[in-house]
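Notes for the one structure printed next.
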Amino acid sequence: MSKKFWEELPQGSVVLEAGSSAEFKTGGWRSMRPKWIEENCIQCLFCWMYCPDMSVKVNAEGKREEFDFDFCKGCGICALECPGKKGNKAIVMEEEGK
Amino acid sequence: MGKIVAVTGNEACAQALKQINPDVCAAYPITPATDLMQRFSSYVNDGKVDTELVLVESEHSAMSACIGAAAAGGRVATATSSQGLALMWEMLHIAAGTRLPIVMPLVNRALSAPLNIHGDHSDGMGARDTGWIQIYSENAQEAYDNTFQAFRIAEHLDIRLPAMVCMDGFIVSHSIERVEYIDDADVKSFVGKFQAVNPLLDIDNPKSYGPLILTDLYHEYKRAQHEVMTKVPNIALEVAADFEKMTGRKYGLFEPYRLDDAEIAIVVMSSAAGTTKDIIDNYRDKGVKIGLLKPRLFRPFPYLEIANALKDVKAIAVLDRADSFGGYGPLFSEITGAVMSMDTKPAVTNKIFGLGGRDYLPDQAEKVIDELIKVAETGKVENIKEYIGVRE
């Protein structure tokens, strides 16, 4: 978002366009990062359902893709819920920046 | 000319709200404002107004509902007093910061503890920094007249801020006085049709109210909020000029009384100004050059205009019907703020009076004036802050 001068602000801090939260990238809050291990993924989409944001992307074929790291805050719910394949998790949490 | 009636301040304000016919009113009863909203709720019940009356469980909810209704795009009013205003406190800031033109008669009453239902300005002064416009009224006529003007100022497209119309609890709210009503048709054309700005109910244009604004923009929003307040005095004067055309009754940012050639002056708000004017007349008859300045617009406070009106006086007594414990009275602080811009600074004293509805009597005003005469002669103030009418 561009930095505005006080003279340019909308009256009463009303946000006049819908869906503008997409401009506020919250991924920077993350300290833990989910890692998707595709070979262990059974495409159950539990991660997509449980994500409290909308940070698990699903394509037109209904298959999950890479995380949306612009918004993933690293809460780890997806990794916790992931059933994996034969006891091997398809999502694991790793420390950010390692 | 409108009908002349004998009514209380509350009755006059309820009549004003009836004539304005707001879209939504959300209110909770509290003495001494109860009677105002009770009368208004009868108008709702009897179909005299089209207002949606929201009966809520507290003043916090009342102001919350008013904020919602105003954001939805309605003309909104409520009324309260004392603890009710105190309970609204956080929502008052939200109404102002969100720039919602809610109008609220505030029937001034003391704050607990100890519990007291009578009139003083503790409630209004406590809401000084909420971002609301505050207009103080001396009597029922002013409370009635100020209600219409408050809607015009608050709803002005360059302003869009909430406004309180203050009158002294019981002294004005429950005393029967002569009031000149304005004809309904005149009210309608004076107040005009409500213009919604960014209404939430305009569902084809979705928008969000109340976003999170952190370190990157909050400072700028507050700067902008101050700026819009600085525009209020000019708009208030424009509205007052229109009002005078309609009724012949003149209003300013403050009322000067026998101030032109005054050497000493009393500054006092609301009903106590009436008593003080009487005593000033007596002293004028004795040749004492004394005048009065009665602030009407307390927020925003017209510092420079008041400084100009008081520039030739040698001594000023500021009478506060509210206190700041461990500090000077709130009105005193504003007047000394105004004095800062003067070339020759007058001596200023602060008298705290009438707390919890304690009568403000002529002899109190006389004592203040007698002392003020001495202060003007010597230029010396012995005690800056004193309590008057207190047993000691």
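Residue numbers start from 1 in every chain, and the chains themselves are labelled A, B, ... in the order their sequence lines are given, proteins ahead of strands. A quick note: this is a predicted structure, and the numbers were derived from the prediction, not measured.
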### Message
Taking side chain as everything from C-beta outward and backbone as N, CA, C, O, which of these in B/V228 sits under 4.5 Å from a heavy atom of chain A? Side chain, backbone, both or neither.
### Response
neither
### Message
Report which part of B/N205 has an atom under 4.5 Å of a heavy atom belonging to chain A: side chain, backbone, both, or neither.
### Response
neither
#### Entry: Pair listing, side chain to side chain donor-acceptor pair (under 3.5 Å) test, anchored in residues 61-70 of chain A, at least two apart
A/N59-A/E65
Around atom [atom1] of [X], are there more than 12 heavy atoms from other residues, nucleotides or ligands closer than 6.0 Å?
{"X": "B/E52", "atom1": "CD", "result": "no"}
{"X": "A/M49", "atom1": "CE", "result": "yes"}
{"X": "B/K222", "atom1": "NZ", "result": "yes"}
{"X": "A/F46", "atom1": "CZ", "result": "no"}
{"X": "A/F71", "atom1": "CZ", "result": "yes"}
{"X": "A/K35", "atom1": "NZ", "result": "no"}
{"X": "A/M54", "atom1": "CE", "result": "no"}

### Query
Are B/K207 and A/V15 close enough that some pair of their side-chain heavy atoms sits under 4.5 Å apart?
no
### Query
Mind checking whether A/F24 and B/P211 have side chains closer than 4.5 Å, heavy atoms only?
no
### Task
Of all the heavy-atom pairs spanning A/L9 and B/Y221, show the shortest one and how long it is.
CD1-N, 3.5 Å
### Query
Which atom names give the shortest non-hydrogen contact between B/L157 and A/Q11, and what distance separates them?
O-OE1, 4.2 Å
Distance in Å, [X] [atom1] paired with [Y] [atom2], rounded so as to fall on 0.5 Å steps:
{"X": "A/L16", "Y": "B/N198", "atom1": "CG", "atom2": "CG", "answer": "4.5 Å"}
{"X": "B/L212", "Y": "A/S13", "atom1": "CG", "atom2": "OG", "answer": "10.0 Å"}
{"X": "B/L217", "Y": "A/E8", "atom1": "CG", "atom2": "CD", "answer": "10.0 Å"}
{"X": "A/W6", "Y": "B/E227", "atom1": "CH2", "atom2": "CD", "answer": "3.5 Å"}

### Task
Against chain A, work out which of B/E220, B/H219, B/R160, B/R223 has the most heavy-atom pairs shorter than 4.5 Å and name it.
B/R223
### Message
Using a 4.5 Å heavy-atom cutoff, which residues in residues 59-98 of chain B come close to chain A?
### Response
B/G97, B/T98
